[in-house]
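Right, one structure below, let's go through it.
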Amino acid sequence: MKPVFTASATAIGGREGRVTSTDGIIDLNVSMPGSKHADEATNPEQLFAAGYAACFGSALNLVISKERVKTEGSSVTGHVTLNQDDEGGFFISVELEVEIKGVDQETAERLVEAAHQVCPYSKATRGNVDVKLTAKAA
């Protein structure tokens, strides 16, 4: 294994605190959805959704390039849901909505599945997190 880079961030105060990256680019208030500060802050699920969507988009671009498929662009929207089980524990589930312009539906589905096989977030969540993929040709 050869590390490419390491990202680091520190959270203080958990879901009612602040998160900062070591380079200072991320410096955000964190708050639980529905709390009194929720409209002024992010939450871990939003951050995970943003990271997964961006990573998946890069994996999709890699697959499109390697397969030499002509497209007119793509977008990935990540939805991360915080769920509670019957015992009071919490877990997340993910849905990725992927739109690829300039291809047919079959090609869109094939490219999304191929990206899911190479995306580092997909590899990290596989077997641990329910991930639903929705491919849409546009």
Side-chain angles (χ1 to χ4, degrees):
M1 179 170 66
K2 178 183 167 190
V4 177
F5 70 89
T6 300
S8 300
T10 300
I12 298 173
R15 287 185 175 271
E16 294 297 330
R18 187 160 200 83
V19 63
T20 57
S21 59
T22 53
D23 62 7
I25 291 174
I26 296 173
D27 188 358
L28 302 167
N29 290 322
V30 179
S31 187
M32 185 69 175
S35 72
K36 65 181 179 178
H37 300 292
D39 59 345
E40 306 164 358
T42 189
N43 59 66
E45 291 72 31
Q46 284 179 329
L47 295 169
F48 193 86
Y52 202 160
C55 187
F56 198 91
S58 288
L60 181 62
N61 290 340
L62 176 68
V63 168
I64 288 169
S65 175
K66 282 187 172 185
E67 294 191 15
R68 294 187 170 106
V69 176
K70 299 272 187 198
T71 71
E72 297 168 10
S74 63
S75 66
V76 180
T77 301
H79 304 277
V80 174
T81 302
L82 179 64
N83 305 283
Q84 188 170 18
D85 63 25
D86 294 337
E87 291 81 43
F90 295 93
F91 64 97
I92 61 170
S93 57
V94 174
E95 179 178 2
L96 298 177
E97 294 178 348
V98 184
E99 181 176 283
I100 306 172
K101 296 178 181 174
V103 299
D104 60 39
Q105 184 62 30
E106 182 180 322
T107 301
E109 290 172 5
R110 180 177 55 76
L111 292 170
V112 167
E113 184 53 41
H116 190 46
Q117 298 309 308
V118 299
C119 174
Y121 273 63
S122 293
K123 289 179 181 182
T125 59
R126 191 165 291 125
N128 298 308
V129 175
D130 181 31
V131 176
K132 178 183 175 188
L133 302 172
T134 303
K136 178 182 175 191

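Looking at residues two or more places apart in sequence or on another chain, you find no side chain to side chain contact (heavy atoms under 4.5 Å, CB included) involving Ser65. Among residues two or more places apart in sequence or in another chain, the side chain to side chain contact (heavy atoms under 4.5 Å, CB included) test is passed with Ala53 by Val76. Contacts of Glu97 classified as salt bridge (charged side-chain N to carboxylate O under 4.0 Å, His left out), with partners at least two apart in sequence or in another chain: none. With sequence neighbours left out, Arg110 forms a salt bridge (charged side-chain N to carboxylate O under 4.0 Å, His left out) with Glu67. Applying the side chain to side chain contact (heavy atoms under 4.5 Å, CB included) rule to Thr10 yields the partners Ile12, Thr20; only residues at least two apart in sequence or on another chain are considered. Applying the side chain to side chain contact (heavy atoms under 4.5 Å, CB included) rule to Asp86 yields no partners; only residues at least two apart in sequence or on another chain are considered.
Legend: salt bridge (charged side-chain N to carboxylate O under 4.0 Å, His left out) pairs involving residues 16-33, not counting sequence neighbours, sorted by first then second residue: Arg18-Asp27. For residues 116-138, the ring pair (Phe, Tyr, Trp, His ring centres under 6.0 Å) pairs, not counting sequence neighbours, are Phe48-Tyr121, Tyr52-Tyr121.
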Show me, pair by pair, the donor-acceptor contacts under 3.5 angstrom made by side chains of residues 127-138, not counting sequence neighbours?
unit_1 : atom_1 : unit_2 : atom_2 : d
Asn128 : ND2    : Ala124 : O      : 3.4
Thr134 : OG1    : Glu95  : OE2    : 3.1

Could you give the side-chain donor-acceptor pairs of residues 37-44 under 3.5 Å, partners two or more places apart or in another chain?
unit_1 : atom_1 : unit_2 : atom_2 : d
Thr42  : OG1    : Gln46  : OE1    : 2.7
Asn43  : OD1    : Glu45  : N      : 3.0
Asn43  : OD1    : Gln46  : N      : 2.9

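The distance from atom NZ of Lys101 to atom OG of Ser75, rounded to the nearest 0.5 Å, is 7.0 Å.
Side-chain atoms of Val98 and Leu60, non-hydrogen and from C-beta on, do get closer than 4.5 Å to each other. Under the 4.5 Å side-chain criterion, counting only non-hydrogen atoms from C-beta, Val112 is in contact with Ile100. Taking 4.5 Å as the limit, every side-chain heavy atom of Ile64 sits out of range of all side-chain heavy atoms of Val103.
Dense packing is recorded around CD of Gln84, with more than 12 heavy atoms of other residues, nucleotides or ligands lying under 6.0 Å away.
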Can Thr125 and Val94 be said to form a side chain to side chain contact (heavy atoms under 4.5 Å, CB included), step by step? CA-CA 9 Å; Thr125 59; Val94 174; 5.6 Å; no

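Cluster note: Phe5 groups with Val4 through ILVMFWY side-chain heavy atoms spaced under 4.5 Å, whether in direct contact or through intervening members. Leu28 belongs to a hydrophobic cluster whose remaining members, ordered by chain and number, are Val19, Ile26, Val30, Leu47; membership requires side-chain heavy atoms of ILVMFWY residues under 4.5 Å apart, directly or through intermediates.
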